[in-house]
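Throughout, protein chains are lettered first and strands after them, A, B, ... in sequence-line order, and every chain is numbered starting at 1.
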Amino acid sequence: MSTQPKPSNPLKAVRGTRDLLPPETALWNRIEQTARQVFSRYGFGEIRTPIFEATELFARGVGEETDIVSKEMYSWEDRARAQSEKAQSLTLRPENTAGVVRAYIEHKLGETGDLQKLYYIGPQFRRERPQRGRYRQFWQIGVEVLGPVSSGSESPVRDAEVLEMLATLLDELGVKNWRLELNSVGSTEDRKRYDAALRAALAPVKAQMCEDNQRRAETNPLRVLDSKEPADQEIINALPKIADFLDDSSREHFAAVRAALDACGVPYTVNPRLVRGLDYYTRTTFEFTVPSSSDPASGLGTQNALLGGGRYDGLSEMLGGPKAPGIGFAIGEDRLVLTLQAQAEAAAKAADESSAGAPGLASQTWVQIPKLDAYIAPMGAERNAAALALARELRRAGLSVEVGDGTFRLKKSFEAADKVARHIVILGEDELATNTATVKTFATGEQVKVARGQLGELLRAKG
RNA sequence: GCGGGAUUGGCCGAGAGGCUUAGGCGCGUGUCUGUGGCACACGAAACAGGAGUUCAAUUCUCCUAUCCCGCCCCA
């Protein structure tokens, strides 16, 4: 029974991380490109913050008691720079809002008086049990809108604008069947009063609930609202509602957000049980979901939340900065990819029920990878140099070109060419002697011999 | 962190305590020295890792790893 100490395999991506390869990366690029385009139409600029920060930032910003901070962070003691200094605890960012707000404070962006509209795209790190749609290194596309009160950062217009933008982005990406769930958790004080009321209401009925909920009732009563335990639903539904604990300003704010969404025609559902895990959320909280496990058109299992976000009016001050109300969200890019792939797959299956062809490119990318304009086939190794020179010419003219190898037999060149390109350009003895090239078009089978100078133009004309 | 399922070539996917680990896709070579896509022939390539039971293990058991499902939680 000699069990070996685990042989960590250096030739394997570590648990919870993965490589993204072509052609799948084309899908990622398309998503990111679409997001950038949409964001810029709303006046957002990109921010890039470090991938690691002082541990303290997350402890204070995200909340000491959250799961993220208490058990999911990748932290380490950095080496002290000098004898006199002590090592600093650093952490791979588990989310990006704290970093953005830190940058806002550090660069005194509040002093400009302007409303800051920022977006980021990048990897985040949490040490959780990997699952479908949950990785230890995962990607988020996020947005933060914040600024001094005088910039209008507190306005419900900002909430509604962000939500409307998300609806537009998901539509432009082609995400089907998304749902917006919306709630208000009120101000910090509202939440405090609600928490007390919940505890009071739970005290007499707690014992009838499942183990998890009994524990939550003690540690974090808000989380009881999240419970999916069927047996406890009756009790949960009878619990006090956060809506009844909102002060006037929170109530008006929420009503204004909904009115603006209605005016824009963005559909949503108010979900009074939507509470989010991070400490800094105030007032508006929201989630966009897609149909989950039971529906094959979701690529996600129980992780049916595509993105989440909310308002964080007190975060800057929690971190020691000026008052800077804000609202933001983070899209789980990995989940977005999974969803789009699953929906593309489902659509393809529905489109041709009959052909039981192998799951093609659609399942991986749903993005069409265009074929190259030309494949240059040199005849004989001594034509290789000339082929590369020709490729350079064409590429500089903006055409996409692959170059074969003169040692390939013509048959092999044709096979290789047909796979990646629309045309094959044959470069043999004749062609070089007469300064021409032979071009064959795969789609039509037609073949012509043209002067070198006209080759680019011809390829462009044939498309 | 807890519970359950899975792991066979590059990919998909059969299989049984001992006989040669099917088949398909893909790949390579040839028929075929400048006109391919087809066809035919041939070829390379796998039982996740470790221990145990057994005359014999890829098959049974255990451990480890990884993925998937659920819980927790979140994107």
Side-chain angles (χ1 to χ4, degrees), chain A residues 1-9 12-18 21 62 66-72 94-97 122-142 210-213 215-216 219-220 223 226-229 275-278 287-290 292-293 300-309 328-339 356-360 363-364 375 377-380 383 404 406-419 421 424 426-431 438-440 442-443 445-447 449:
Chain A
M1 267 318 224
S2 67
T3 31
Q4 310 248 312
K6 64 187 65 171
S8 74
N9 189 343
K12 222 176 162 313
V14 308
R15 178 170 217 191
T17 71
R18 59 205 179 127
L21 307 171
V62 178
T66 60
D67 279 9
I68 292 177
V69 172
S70 65
K71 55 187 195 200
E72 296 173 359
E95 57 99 59
N96 219 331
T97 300
Q124 318 291 337
F125 305 85
R126 291 182 201 171
R127 200 179 181 294
E128 293 180 276
R129 174 87 160 211
Q131 238 180 77
R132 185 174 201 77
R134 168 182 294 166
Y135 307 97
R136 290 182 171 183
Q137 174 175 340
F138 60 101
W139 292 73
Q140 286 188 332
I141 300 175
C210 71
E211 228 175 279
D212 272 338
N213 280 331
R215 181 179 44 76
R216 287 159 159 166
T219 59
N220 193 350
R223 297 239 68 93
D226 263 351
S227 171
K228 290 156 210 136
E229 175 61 45
V275 290
R276 301 188 49 76
L278 279 45
E287 234 167 55
F288 279 72
T289 60
V290 287
S292 69
S293 40
L300 309 174
T302 38
Q303 270 65 250
N304 68 339
L306 262 189
L307 67 96
F329 62 79
I331 302 171
E333 192 174 1
D334 306 75
R335 294 183 182 181
L336 194 51
V337 168
L338 250 18
T339 299
S363 67
Q364 290 176 51
Y375 180 101
M379 302 299 299
R383 248 72 73 178
T407 61
F408 290 174
R409 263 203 286 167
L410 191 60
K411 165 178 169 151
K412 181 166 167 165
S413 290
F414 265 98
E415 285 170 353
D418 196 15
K419 247 189 259 185
I424 183 169
I426 298 166
L427 208 56
E429 203 176 354
D430 299 352
E431 286 85 357
T438 298
V439 180
K440 184 159 184 174
F442 286 115
E446 74 179 302
Q447 178 169 324
K449 200 170 208 180

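Secondary-structure stems of RNA chain B, taken as three or more successive Watson-Crick or G-U wobble pairs (i with j, i+1 with j-1) under a 3.5 Å distance threshold, comprise B:1-7 with B:65-71, B:10-12 with B:23-25, B:27-31 with B:39-43, B:48-52 with B:60-64.
When each of A:V14 and A:W139 is assigned the nucleotide of RNA chain B with its nearest heavy atom, A:V14 is the one assigned upstream, toward the 5' end. Take the nearest nucleotide of RNA chain B for A:K12 and for A:E72: the residue whose nucleotide is more 5' is A:K12.
A search for salt bridge (Lys or Arg N to Asp or Glu O under 4.0 Å) contacts involving A:K71 returns A:D67, not counting sequence neighbours. With sequence neighbours left out, A:N213 forms a side chain to side chain donor-acceptor pair (under 3.5 Å) with A:R216, A:S227, A:D232. Looking at residues two or more places apart in sequence or on another chain, you find a side chain to side chain donor-acceptor pair (under 3.5 Å) between A:T438 and A:E431. Listed by chain and residue number, A:R93 satisfy the side chain to side chain donor-acceptor pair (under 3.5 Å) test with A:Q124 (two or more places apart in sequence, or in another chain). Partners of A:E287 according to the salt bridge (Lys or Arg N to Asp or Glu O under 4.0 Å) rule, which considers only residues two or more places apart in sequence or in another chain, are A:R276. Evaluation of the salt bridge (Lys or Arg N to Asp or Glu O under 4.0 Å) rule for A:R18 yields A:D334 as partners, not counting sequence neighbours. With sequence neighbours left out, the ring pair (Phe, Tyr, Trp, His ring centres under 6.0 Å) criterion links A:F288 to A:W178.
Within a 6.0 Å sphere centred on CD of A:E429, other residues, nucleotides and ligands contribute 12 heavy atoms or fewer.
Residue A:R335 places a side-chain atom within donor-acceptor reach of the base of B:C74, judged by atom type and a 3.5 Å distance cut-off alone. For B:A75, its base sits under 3.5 Å from the side chain of A:R126 at one donor and acceptor pair at least.
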Please write out each protein N/O paired with an N/O of nucleotides 25-27 of chain B under 3.5 Å, distance rounded to 0.1 Å.
{"from": "B:C27", "atom 1": "OP1", "to": "A:K419", "atom 2": "NZ", "distance (Å)": "2.6"}

Can you give me the N/O atom pairs linking the protein to nucleotides 44-47 of chain B at distances under 3.5 Å, or say none if there are none?
none

Quick one: which protein N/O atoms are closer than 3.5 Å to N/O atoms of nucleotides 30-40 of chain B? Pair and distance per line, please.
{"from": "B:G30", "atom 1": "OP2", "to": "A:R409", "atom 2": "NH2", "distance (Å)": "2.3"}
{"from": "B:G30", "atom 1": "O5'", "to": "A:R409", "atom 2": "NH2", "distance (Å)": "3.3"}
{"from": "B:U31", "atom 1": "OP2", "to": "A:R409", "atom 2": "NH1", "distance (Å)": "3.4"}
{"from": "B:U31", "atom 1": "O4", "to": "A:K411", "atom 2": "NZ", "distance (Å)": "3.4"}
{"from": "B:C32", "atom 1": "O2'", "to": "A:R409", "atom 2": "NH1", "distance (Å)": "2.3"}
{"from": "B:G34", "atom 1": "O6", "to": "A:E429", "atom 2": "N", "distance (Å)": "2.8"}
{"from": "B:G34", "atom 1": "O6", "to": "A:D430", "atom 2": "N", "distance (Å)": "3.3"}
{"from": "B:G34", "atom 1": "O6", "to": "A:E431", "atom 2": "OE1", "distance (Å)": "3.4"}
{"from": "B:G34", "atom 1": "N1", "to": "A:E431", "atom 2": "OE1", "distance (Å)": "2.9"}
{"from": "B:G34", "atom 1": "N1", "to": "A:E431", "atom 2": "OE2", "distance (Å)": "3.3"}
{"from": "B:G34", "atom 1": "N2", "to": "A:E431", "atom 2": "OE2", "distance (Å)": "2.7"}
{"from": "B:U35", "atom 1": "O2", "to": "A:Q447", "atom 2": "OE1", "distance (Å)": "3.2"}
{"from": "B:U35", "atom 1": "N3", "to": "A:Q447", "atom 2": "OE1", "distance (Å)": "3.0"}
{"from": "B:U35", "atom 1": "N3", "to": "A:Q447", "atom 2": "NE2", "distance (Å)": "3.1"}
{"from": "B:U35", "atom 1": "O4", "to": "A:Q447", "atom 2": "NE2", "distance (Å)": "2.8"}
{"from": "B:G36", "atom 1": "N2", "to": "A:D418", "atom 2": "OD1", "distance (Å)": "3.4"}
{"from": "B:G36", "atom 1": "N2", "to": "A:D418", "atom 2": "OD2", "distance (Å)": "2.1"}

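A donor-acceptor contact shorter than 3.5 Å links the side chain of A:R335 to the backbone of A:G133. A donor-acceptor pair under 3.5 Å is absent between the side-chain atoms of A:R126 and the main chain of A:Q137, judged by distance alone.
Checked against B:C71, B:A75, B:U66, the side chain of A:Q131 finds its nearest nucleotide in B:C71. Side-chain proximity of A:F138 to B:C68, B:U66, B:A75: nearest is B:A75.
Residue A:I424 comes nearest to A:A377 through the heavy atom pair CD1-CB, 3.9 Å, listed as atom of the first residue, atom of the second, then distance. Taking each heavy atom of A:L307 and A:I331 in turn, the nearest pair found is CB-CA, 3.5 Å. Summarising the geometry of A:I426 relative to A:M379, their closest heavy-atom pair is CG2-CG, 3.9 Å, with the distance given to 0.1 Å.
Within the nucleic acid shown, A:E128 comes within 4.0 Å of at least one base atom, counting heavy atoms only. Among the protein residues, A:F408 comes within range of no part of the nucleic acid, since none of its heavy atoms lies under 4.0 Å from any strand.
Contact between the side-chain N/O atoms of A:R223 and the OP1/OP2 oxygens of B:C74 is found at a separation under 4.0 Å.
B:U58 and B:C71 have their P atoms separated by 38 Å, with the value rounded to a whole Å. For the C1' atoms, the distance from B:C2 to B:U61 is 23 Å, rounded to whole Å.
Using a 4.5 Å heavy-atom threshold, the side chains of A:R136 and A:V14 count as separate.
Residue A:R409 holds its CZ atom at 13.5 Å from CZ of A:F414, rounded to the nearest 0.5 Å.
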Exercise for the section: Starting at the 5' end of nucleotides 2-9 of chain B, put B wherever the base has a protein heavy atom under 4.0 Å, S where only the sugar-phosphate does, and a dash everywhere else. Expected result: BB------
